[in-house]
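Scroll down for the structure; my scribbles are underneath it.
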Amino acid sequence: MGISRELLNFYMKKYILGLFALAVLSSCVSQQEKAMKSADKNFILKAANENFAKKKWKNALALYDRLANLVAGTDDFPNVGFNTAYANYYDKNYKLAGHQFKNFAVSFPKDPRAEEAAYMSALCYYEGSMDYNLDQSSTELAVNELQDFLNNYPNSERSKNISQLIDELSYKLEFKAYENARQYFKMGDYKSANVALENVLDDFPSTKLRPKIYDYIMKSRQLLAQNSVYDLKEERIESALAFTRQVEKELPNTEYSKTAVDIREKLEKEKKDFAVIKKQTEARIAVFTARQKKEADKLAEKNKTEQQIQDQVNVEKKAMQIQRDSAALQTPPPAATFKIQR
């Protein structure tokens with residue numbers, strides 16, 4: 001049974017299209033290979049720009065890298081540097097791209113693209129910011145770079161977007177600090193949690209997390225007071241009570257003010273219970289102190305009597321010694337004895 005003409009035509013078309021695609025691919029690869037081996041600046045530049053236009057970032061970067069020395073000092077140098085930075089940006093090499101954009105803006109301040117390069121540099125640092133649960137040094141650097149753009153181009157149309165990016169990164173830093181402080185609470189280290197949470201408020205006075213931070217500070221102080229040692233308990237109860245009043249004042253008619261009321265009721269009961277314990281403890285201490293004083297007085301009296309006896313003994317010993325000394329002075333020496341010589 002033979003193949004039909006329609007089926008034969010179909011396979012012929014597929015074959016021709018395959019050969020055409022192979023030829024195009026071969027041509028492209030051939031052009032890239034030629035450009036990589038060529039010493040002709042213009043040929044390499046043309047091939048690099050074509051790859052850039054076709055969004056073949058890695059191929060473009062390979063050729064732009066070869067052009068760096070070939071175009072140095074020529075009019076093509078700024079274009080190569082600008083395109084290289086963009087190719088790295090689109091290839092997600094944000095750190096390298098940011099450095100290249102920044103270098104372009106500094107090296108060519110009068111170039112019409114200088115502001116764009118400065119903006120892209122800041123944007124690269126933004127893209128390189130790590131997730132909040134990782135090291136945030138890249139985020140802090142990004143905030144500084146974005147702020148530099150605002151300072152250098154205060155009237156730029158891009159400033160509004162930059163401000164939004166700064167707010168986003170700042171929130172990430174706030175949330176990182178908040179989560180770190182919350183870990184102390186989860187571990188039951190309420191003293192450290194309270195300090196860390198207050199530091200977040202000091203470092204980020206305009207934080208949107210303030211209500212949540214207040215909530216954890218309240219709970220930290222409550223639990224710290226309830227589990228406190230005797231000497232610090234009263235002071236910590238008062239501190240916790242004061243903070244509940246602050247929360248109720250600053251966040252009225254919220255779930256946090258309701259929590260503040262609940263915590264205050266518990267703390268007031270804790271305060272009353274502690275007052276009873278404190279009174280009982282002070283009474284026991286008073287009895288114990290009185291007993292100690294009585295025993296001390298007895299001991300002092302005993303020591304005093306013993307000292308008086310010892311003093312009397314010493315006086316009598318001294319008197320007897322004086323008498324012995326006086327008798328020795330009054331007794332004449334014995335008569336001289338002469339030995340008769342024989």
Side-chain angles (χ1 to χ4, degrees), residues 94-95 98 102 118-119 121-154 158-225 227-228 232 235-260 263-264 267:
Y94 298 123
K95 188 173 182 179
K102 188 173 185 177
Y119 171 77
S121 174
L123 192 61
C124 285
Y125 284 103
Y126 164 81
E127 294 289 357
S129 172
M130 307 295 284
D131 290 340
Y132 83 89
N133 56 331
L134 301 175
D135 177 59
Q136 290 302 295
S137 56
S138 60
T139 302
E140 293 171 355
L141 180 60
V143 170
N144 292 335
E145 291 294 330
L146 292 165
Q147 189 61 53
D148 283 345
F149 179 84
L150 287 181
N151 296 338
N152 295 328
Y153 301 95
R158 299 180 174 93
S159 294
K160 183 177 180 180
N161 181 47
I162 289 290
S163 297
Q164 291 175 346
L165 297 180
I166 290 177
D167 289 343
E168 181 183 333
L169 293 179
S170 296
Y171 181 77
K172 187 187 292 187
L173 294 174
E174 294 170 17
F175 195 76
K176 171 75 171 181
Y178 165 72
E179 281 296 299
N180 287 343
R182 220 161 59 92
Q183 290 304 313
Y184 288 114
F185 183 87
K186 291 180 178 179
M187 292 186 295
D189 188 352
Y190 305 120
K191 184 178 179 180
S192 297
N194 183 73
V195 172
L197 289 162
E198 288 181 339
N199 287 341
V200 177
L201 294 177
D202 290 339
D203 295 338
F204 307 97
S206 301
T207 179
K208 298 176 182 178
L209 295 168
R210 181 175 292 272
K212 292 184 178 181
I213 293 172
Y214 273 7
D215 188 50
Y216 275 102
I217 289 178
M218 275 195 305
K219 293 173 181 176
S220 294
R221 292 193 181 189
Q222 175 198 7
L223 293 168
L224 182 62
N227 297 285
S228 181
L232 298 175
E235 176 188 341
R236 287 174 173 174
I237 288 176
E238 291 299 337
S239 174
L241 285 170
F243 197 78
T244 61
R245 289 188 283 271
Q246 178 182 339
V247 172
E248 196 174 8
K249 180 180 178 181
E250 294 187 23
L251 303 172
N253 304 317
T254 64
E255 61 177 298
Y256 304 105
S257 63
K258 293 178 182 177
T259 302
I263 290 177
R264 187 160 61 249
L267 288 170

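Quantities reported herein were computed from a predicted structural model and do not represent experimental measurements.
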Are the side chain of [X] and the backbone N or O of [Y] linked by a donor-acceptor pair below 3.5 Å?
X	Y	result
D215	P211	no
N151	Q147	yes
S159	Y153	yes
T254	L251	yes
R210	P205	yes

Practice problem: State whether R182 and E179 are salt-bridged, where the test is any N-O pair (Lys NZ or Arg NE/NH1/NH2 against Asp/Glu carboxylate O) under 4.0 Å. | Solution: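 Here R182 pairs with E179 in a salt bridge, since their nearest N and O are under 4.0 Å apart.
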Count the heavy atoms belonging to other residues, nucleotides or ligands that lie under 6.0 Å from [atom1] of [X], then report whether that count exceeds 12.
X	atom1	answer
K186	NZ	yes
Y184	OH	no
E235	CD	no

Are [X] and [Y] packed together at the side-chain level, in the sense that at least one heavy-atom pair is separated by less than 4.5 angstrom?
X	Y	value
F204	L209	no
Y125	L146	no
R221	Y190	no
Y214	F243	yes

Supply the atom-to-atom distance [X] [atom1] to [Y] [atom2], rounded to the nearest 0.5 angstrom.
X	Y	atom1	atom2	result
L165	L123	CG	CG	6.5 Å
L169	S138	CG	OG	9.0 Å
I166	N144	CD1	CG	9.5 Å
S206	D167	OG	CG	10.0 Å
S257	M218	OG	CE	8.5 Å
C124	Y119	SG	OH	10.5 Å

List the atom of [X], the atom of [Y], and the distance in Å for their closest heavy-atom pair.
X	Y	value
V200	I213	CG1-CD1, 3.5 Å
A181	A196	CB-CB, 3.5 Å
E174	K208	OE1-N, 3.8 Å
A193	S220	CB-OG, 3.7 Å
A240	Q222	CB-N, 4.1 Å

Quiz prompt | Candidates L224, N194, L223, L241 - the one meeting side-chain contact (heavy atoms from CB on, under 4.5 Å) with R236 | solution =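 That would be L224.
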Quiz item: Which of these, V195, L201, V247, sits in a side-chain contact (heavy atoms from CB on, under 4.5 Å) with I217?
Solution: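 That would be L201.
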Quiz item: For residues E168 and Y126, is any side-chain donor paired with an opposing acceptor at under 3.5 Å?
Solution: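 Side chains of E168 and Y126: pair found under 3.5 Å.
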